[in-house]
Amino acid sequence: MEQNSNGKLHLASCFMFQNASSLPPTPSNHSTTCPVTANRSITVPCKDGFVYDRSIFQSTVITEWDLTCDAGEYLVALSQSLYFVGILLGGLIFGSLADWYGRRMALILSIILLAVSGILGGAARQFPLFVFLRVLTGMGNQGIFLSSFILGRACGGVLGTKKEETASVHFTLSLHLK
């Protein structure tokens, strides 16, 4: 049994009750009338894996990569962590590219990288490829953020100091609102 955020108990989806036939025979679990009874106090991990409901969707990312229970939660956390590694790398790489070749070139490369890695990531069939593309997506995302912020700040000569700051913040925030 697991407890959800509301405090209500429900059956755990990654565990099953231990079958009495798999327990060593003792006077407490041996029954001549019903030899297969479940011990409702002992849970064990599912032996045959997670059984998916395929009545609506035949195949999803969850079913293909088995992103349930302990191993699945680890893979989800890994992909999210590596996305942020991509953001870190994007800041380092695209910050340097913007200094060497200009903000406009860095912004264009970031947009291309984000578009290509985002589309390919949506079509990835293997988890390692998906995670690699998530790193590239994070890099492109950070490159767009950095370049657009600095380009927004560069409009100060045209707009004036106070309007420059407002325009830069609004432009940058608009890229990240979902």
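Just the heavy atoms: all of them, side chains too, but no hydrogens, waters or symmetry mates, feed the values below. Starting from 1, each residue takes its place in the sequence as its number.
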Kindly check if the number of other-residue, nucleotide or ligand heavy atoms within 6.0 Å of CZ (Arg125) is above 12?
-> no
Side-chain contact, heavy-atom cut-off 4.5 Å: Leu136 with Phe132?
-> yes
Could you tell me the separation between the CG atom of Leu133 and the CG atom of Leu113, rounded to the nearest 0.5 Å?
-> 9.5 Å
Least distance between heavy atoms, Ile87 atom then Gln142 atom | O-CG, 3.3 Å
Carefully, step by step, assess Tyr101 and Leu109 under the rule side chain to side chain contact (heavy atoms under 4.5 Å, CB included).
-> CA-CA 11 Å; Tyr101 299 108; Leu109 289 175; over 6 Å; no
Between Ser79 and Phe130 the two heavy atoms that sit nearest each other are CB-CE2, 4.2 Å
Val116 and Leu129: same hydrophobic cluster, using ILVMFWY side-chain contacts below 4.5 Å?
-> yes
Can you get from Tyr83 to Ile119 by hopping between Ile, Leu, Val, Met, Phe, Trp and Tyr side chains that sit under 4.5 Å apart?
-> no
CD1-CD1 distance between Ile112 and Ile144, expressed to the nearest 0.5 angstrom = 10.0 Å
Selection residues 100-110 - residue pairs positive for salt bridge (charged side-chain N to carboxylate O under 4.0 Å, His left out), sequence neighbours left out | Asp99-Arg103
To the nearest 0.5 Å, tell me how far Leu82 CG sits from Leu89 CG.
-> 10.0 Å
Nearest-0.5 Å distance, CG of residue Leu146 to CD1 of residue Ile93 | 11.5 Å
Heavy atoms only: give me the nearest Ser110-Gly140 pair and the separation to one decimal.
-> CB-O, 3.6 Å
Following the transitive rule for hydrophobic clusters with a side-chain heavy-atom cut-off under 4.5 Å over Ile, Leu, Val, Met, Phe, Trp and Tyr, establish whether Leu92 and Leu114 coincide in one cluster.
-> no
Could you tell me the separation between the CE atom of Met139 and the CG atom of Leu88, rounded to the nearest 0.5 Å?
-> 10.0 Å
For Phe127, what residues pass the ring-ring contact (aromatic ring centres under 6.0 Å, His included) criterion, not counting sequence neighbours?
-> Trp65
